[in-house]
Amino acid sequence: MGGAAERWAELQEGRAVPPEILAQAPVSPWVHDPQDFTAPDVPSDTPSRDAGLALLGDAGSVLDVGCGGGDAAFALVGPVTEVTGADQQQDMLDLFAVGARAREIPFRTVLGRWPDVAPDAGSADVVTCHHVLHNVVDLPPFVAALTAAARRGVVVEMMTEHPMAWLDPLWVRFHDLHRPPSATTEDAAAVLRELGVEPEVTRWERIRRPPHDPAWVARRLCLPDARAEEVEAALAEVPPRTRTAATLVWRP
Ligand SMILES: C[S@@+](CC[C@H](N)C(=O)[O-])C[C@H]1O[C@@H](n2cnc3c(N)ncnc32)[C@H](O)[C@@H]1O
């Protein structure tokens, strides 16, 4: 493993929740609620959408890795001829299927962890992967499989720092847990460069974001809903989460 990949893995491992805290969690802090990832009827106009449309041209297929409700793939409606959604959560794939049917796009779903399921997912003209990299520890095989699956190009979207990094002061406050700084887009780009890939990186301000009400934050912190009021008070003292996203584009 190269130095950049090692740094990425170390920073990501540093964000793990210790087992004794996890054992007290009423619900898993990691599992996403599909309702928060429904793709909008009218796609947001973003640099990721622009990049996907440019790669697709008049027509082409899309593979959406960590698809959730298909926000990345369905933003490309028009030139998309068929979509494959890959995700480790079946409830996300169910939502993806509903979205594909509503848009009358031929689709396929693949359940499992990327890159393990890459052979089942096959290849596509364009591979999208939005808001997944900050979940990954071992980044080289993950991004190498994205590249291998793409005939024309890969579009990755990510927040410039871990989307939960703004809660780090609350981990100290509620659990006395001190975390390392977040891995950043620059760290991800360095891993790509180590693999011989030079991504085009565009930073921008993201308007649409999943909710973060106090009960939601309490669950992320492995606390019961009953402590939501305490969390709400603590949130008032925390700097707001970053809105800066980045689009990374590369060709195989
Ligand atoms: C934050 S959501 C983003 C969903 C969607 N791409 C979007 O931008 O709205 C991350 C999604 O990636 C999935 N996921 C995370 N790691 C994964 C992996 N290694 N393989 C497959 N799916 C993964 C999660 O289940 C979840 O649906």
Side-chain angles (χ1 to χ4, degrees), residues 8-9 12 15-16 27-44 46-49 51-52 62-77 83-100 107-122 124 126-146 148-149 154-167 182-183 185 188 191 204 206-212 216 219-220 241-243 245-248:
W8 178 277
Q12 290 290 85
R15 308 200 73 76
V27 293
S28 164
W30 304 124
V31 174
H32 294 288
D33 184 344
Q35 282 177 6
D36 297 339
F37 294 96
T38 305
D41 291 339
V42 179
S44 310
T46 67
S48 305
R49 179 166 181 261
V62 172
L63 164 61
D64 193 1
V65 175
C67 60
D71 195 26
F74 300 146
L76 305 175
V77 157
V83 287
T84 301
D87 204 288
Q88 62 191 8
Q89 280 183 227
Q90 181 60 50
D91 50 7
M92 292 289 188
L93 294 177
D94 294 342
L95 186 64
F96 182 88
V98 168
F107 73 97
R108 204 162 65 86
T109 58
V110 178
L111 175 65
R113 281 182 73 78
W114 189 268
D116 307 347
V117 295
D120 301 327
V126 175
V127 174
T128 54
C129 182
H130 288 193
H131 303 286
V132 186
L133 260 54
H134 283 297
N135 292 350
V136 179
V137 173
D138 190 8
L139 201 51
F142 189 98
V143 290
L146 295 178
V154 180
V155 182
V156 160
E157 183 177 302
M158 66 191 295
M159 301 311 289
T160 50
E161 62 172 33
H162 194 285
M164 300 297 159
W166 66 296
L167 297 179
S182 168
T185 297
V191 174
W204 49 284
R206 190 168 191 237
I207 296 160
R208 216 167 66 79
R209 299 295 310 278
H212 59 290
W216 182 92
R219 278 175 235 132
R220 301 279 88 76
R241 58 185 177 165
T242 183
R243 289 190 162 275
T247 300
L248 292 79

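For ligands, and for the atoms within them, numbers begin at 1 and follow the listed sequence. In this chain, numbering begins with 1 at the start of the sequence shown.
Residue Gly112 places a heavy atom under 4.0 Å from ligand 1. Contact between Cys67 and ligand 1 is present, with at least one heavy atom of the residue lying under 4.0 Å from the ligand.
Contacts between Asp87 and ligand 1 below 4.0 angstrom, taking non-hydrogen atoms only, involve backbone and side chain alike. Within the 4.0 Å heavy-atom criterion, the part of Met92 lying near ligand 1 is the side chain and not the backbone.
Taking the six-membered ring where tryptophan is involved, the planes of His134 and Trp8 are essentially parallel, since the angle between them stays under 30° and well short of 60°.
In terms of N/O distances under 3.5 Å, ligand 1 is approached by Trp114. Of the polar atoms of Val132, none of the N or O atoms is found under 3.5 Å from an N or O of ligand 1, judged by distance alone. In terms of polar-atom proximity, defined here as any N/O pair under 3.5 Å, Asp64 makes no such contact with ligand 1. Between His131 and ligand 1, no N or O atom pair is found at a separation short of 3.5 Å.
Of all heavy-atom pairs spanning Met159 and Thr242, the tightest one is CE-O, 3.6 Å. Shortest non-hydrogen contact noted between Ala121 and Trp114 is CB-CZ3, 3.9 Å.
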- Query: Are Thr46 and Thr247 close enough, and set up right, to give a side chain to side chain contact (heavy atoms under 4.5 Å, CB included), and what steps lead you there?
  - Reply: CA-CA 9 Å; Thr46 67; Thr247 300; 5.8 Å; no
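The atoms of ligand 1 that sit less than 4.0 Å from any heavy atom of Gly68 are 4 (C), 27 (O). Under a 4.0 Å criterion applied to the non-hydrogen atoms of Asp71, ligand 1 contributes the atoms 9 (O). Proximity to Gln89 (heavy-atom distance under 4.0 Å) selects the following atoms of ligand 1: 25 (O). Interface of Asn135 with ligand 1, defined as ligand atoms under 4.0 Å from a residue heavy atom, comprises 15 (C), 16 (N). Close approach of ligand 1 to Gly66 is summarised as follows: ligand atoms under 4.0 Å from at least one heavy atom of the residue are 4 (C), 5 (C), 6 (N), 11 (C), 12 (O), 13 (C), 22 (N).
Atom CG of Asp94 sits about 9.5 Å away from atom CG of Leu111, to the nearest 0.5 Å.
Heavy-atom neighbours of Gln35 CD from other residues, nucleotides or ligands within 6.0 Å: at or below the threshold of 12.
Side-chain atoms of Asp87 and Gln89 include no donor-acceptor pair closer than 3.5 Å. Side chains of Ser48 and Glu157: a donor-acceptor N/O pair is present below 3.5 angstrom, by distance only.
Contact check for Val65 versus Phe142: side-chain heavy atoms found under the 4.5 Å cut-off.
Ranked by closest heavy atom to atom 7 (C) of ligand 1, the top entry among Arg113, Gln90, His130 is His130.
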